Amino acid sequence: MSEVALGDVSKLPESERINGTSNNGNSVKPVTETMEGNAGEKLNKKMASMVDPPTDIDSSENSGEAAAILEIEYIESENLKDVEDVENCLKTLLSGLNSKDWVSVCDALNNVRRLSIYHKEAIVGILSDVIPLILKSMKNPRSALCKTAIMTSADIFKAYNDDIIDSLDPLLVQLLLKSSQDKRFVCEAADSALIALNSSVSPLLLLPKLQPHIKNKNPRIRAKASVCISRSVRRLGVDGIESFGIDKLVQIGASQLNDKLPESRDAARTLLLELHSVFEKSHVTTEASAVSEEPVIASWEHFCQSKLSPLNAQDVLRVTNTARAGLVLGS
């Protein structure tokens, strides 16, 4: 007897549980068997839902569309094979991306990925027409189509690097938005695309694109932008940080130290520790460091106090001084 059935029987009056009958004289046993059957069906449905891929199909959509989504395969970049006929693929590419059949659009997006990987020179001439259609698919409420478009953007970043910078703004907004949504498999794809963006585009070009998004009203978007900025700064190196402006970067980090989400605050702390390290290397002479650490501390404090508000400077110094104290204790 299932736990569901036991729960139902336990609700019967005591006399009925003892006699095994209800007020109308029917036996309780058939009810128990029925409940066991229903519980089994529910368990089977639950198990099936665990193995099915995520879908956004409404109950109003027909079973044919439900079957179609099962055919969508998310192919990793390294597993994509070259197109058989480049010329024919290029001829049908834009019409495929504009198709009203979302499965056909997914196929066209995967062809964009293949062309970007194997024939990026062939597609560069129509890239200005392709990117708005990728963006359109990225905005689509159907998760399967949205994820395929996000994966396409990642392959474009890897293929074209800095050449994509002029077309980046609308894609970046959507990736920051999608990476902060509740659908995990879409979030993961968007996070991967943002990592590809950080790895593929020069940080000196990317940072000005990211900077406005740390002031977004959505705290999740601010958090994702902070993480991307922290990644970019790590790629800059000492010379790149000096070139961009260490004061600007310290102000960015300070603005996120007290942000709403832990992800944003952690990224800000990582950024500020990196900047503190770079500052010490570039602003303190070897002789001063060898004699005492006092010139280092005083110089960093003066810099923060001269570039930040008193409260922000205090917060930044608390982070960097705590890290310094931890290093001293650990040594």
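As the structure is a computational prediction, the values presented were derived from the model and not from experiment.
- The structure places NE2 of His276 at 4.0 Å from CD of Glu280, a figure rounded to the nearest 0.5 Å.
- Atom CD of Gln211 is separated from atom NZ of Lys248 by 7.5 Å, given to the nearest 0.5 angstrom.
- One hydrophobic cluster, built from ILVMFWY side chains closer than 4.5 Å, cannot hold both Val173 and Ile229; they sit in different ones.
- Inter-residue side-chain proximity for Leu206 and Leu168 is flagged as met; some heavy-atom pair is nearer than 4.5 Å.
- Inter-residue side-chain proximity for Ile164 and Ile131 is flagged as met; some heavy-atom pair is nearer than 4.5 Å.
- In this structure, Lys209 and Val201 have side chains that are not in contact, with every pair of non-hydrogen atoms separated by 4.5 Å or more.
- Formation of a donor-acceptor pair under 3.5 Å by the Ser199 side chain with backbone atoms of Ala196 is not found in this model.
- Taking all atoms of both residues into account, the shortest heavy-atom contact from Pro208 to Pro212 is O-CD, 3.2 Å.
- When each of Leu175, Leu194, Ile195 is checked for a side-chain contact (heavy atoms from CB on, under 4.5 Å) with Phe157, only Leu175 meets the rule.
- A continuous path of Ile, Leu, Val, Met, Phe, Trp and Tyr side chains, each step under 4.5 Å between heavy atoms, connects Trp102 with Phe185, placing both in one hydrophobic cluster.
- For the pair Ser192 (side chain) and Glu188 (backbone), a donor-acceptor distance under 3.5 Å is present.
- Side-chain atoms of Ser306 come within 3.5 Å of backbone atoms of Phe303 as a donor-acceptor pair (strictly under, hydrogens ignored).
- A donor-acceptor pair is defined here as one N or O able to donate and one able to accept, closer than 3.5 Å; no such pair exists between the side chain of Arg222 and the backbone of Ser264.
- You'll find the side chain of Val319 stays beyond 4.5 Å of the side chain of Asp315, heavy atoms only.
- Linking ILVMFWY side-chain heavy atoms closer than 4.5 Å, directly or via other members, places Leu257 and Val227 in two distinct hydrophobic clusters.
- A heavy-atom distance below 4.5 Å is found between the side chains of Leu236 and Leu207.
- The hydrophobic clustering, which links ILVMFWY residues whose side-chain heavy atoms are closer than 4.5 Å, places Leu127 and Leu90 together.
- Asn216 and Asn218 get closest at one heavy-atom pair: OD1-N, 2.8 Å.
- To the nearest 0.5 Å, atom CG of residue Leu177 and atom OG of residue Ser179 are 8.0 Å apart.
- Minimum heavy-atom separation, Ser230 to Leu271: OG-N, 4.0 Å.
- Looking only at distances, no side-chain donor or acceptor of Ser243 sits under 3.5 Å from a matching main-chain atom of Asp239.
- At distances below 3.5 Å, at least one donor-acceptor pair connects side-chain atoms of Lys120 with backbone N or O atoms of Ala159.
- A donor-acceptor pair under 3.5 Å links the side-chain atoms of Asn321 to the main chain of Leu317, judged by distance alone.
- A distance of 8.5 Å separates SG in Cys187 from CD1 in Ile150, rounded to the nearest 0.5 Å.
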* Dump the intermediate steps for side chain to side chain contact (heavy atoms under 4.5 Å, CB included) on Ser116 and Tyr160, then the final yes or no. => CA-CA 8 Å; Ser116 297; Tyr160 296 101; 4.1 Å; yes
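- Hydrophobic clustering places Ile156 together with Val86 (ILVMFWY residues linked when any side-chain heavy atoms are closer than 4.5 Å, directly or through intermediates).
- Formation of a donor-acceptor pair under 3.5 Å by the Asp85 side chain with backbone atoms of Glu87 is found in this model.
- We find that Glu263 and Lys224 are joined by a salt bridge, their nearest charged nitrogen and carboxylate oxygen being less than 4.0 Å apart.
- One N or O on the side chain of Arg265 and one on the backbone of Asp259 form a donor-acceptor pair closer than 3.5 Å.
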* Under the side chain to side chain contact (heavy atoms under 4.5 Å, CB included) rule, what do Leu249 and Glu274 come out as? Steps first, then yes or no, please. => CA-CA 10 Å; Leu249 293 170; Glu274 177 74 18; over 6 Å; no
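- The line from CE of Met151 to CE of Met138 is 12.0 Å long, rounded to the nearest 0.5 Å.
- The CD1 atom of Ile221 sits 15.5 Å away from atom NZ of Lys215, with the distance rounded to the nearest 0.5 Å.
- Residues Ile214 and Ser226 share a closest heavy-atom pair of CG2-OG, 4.0 Å.
- Judged by distance alone, with hydrogens and angles left aside, the side-chain atoms of Ser180 form a donor-acceptor pair with the main-chain N or O of Leu176 at under 3.5 Å.
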* Let me see the working for Ser137 and Leu109 under side chain to side chain contact (heavy atoms under 4.5 Å, CB included), right down to the final yes or no. => CA-CA 9 Å; Ser137 295; Leu109 287 168; 4.1 Å; yes
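- Closest non-hydrogen pair, Asp162 versus Ser202, comes out as OD1-N, 2.7 Å.
- Of all the heavy atoms in Ala108 and Gly96, the pair that sits closest is CB-C, 3.6 Å.
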* **side chain to side chain contact (heavy atoms under 4.5 Å, CB included) assessment of Leu171 paired with Gln174** => CA-CA 5 Å; Leu171 290 175; Gln174 282 302 307; 6.0 Å; no
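- Just one residue in the list Asp155, Thr152, Thr148 forms a side-chain hydrogen bond (donor to acceptor under 3.5 Å, both in side chains) with Arg113, and that residue is Asp155.
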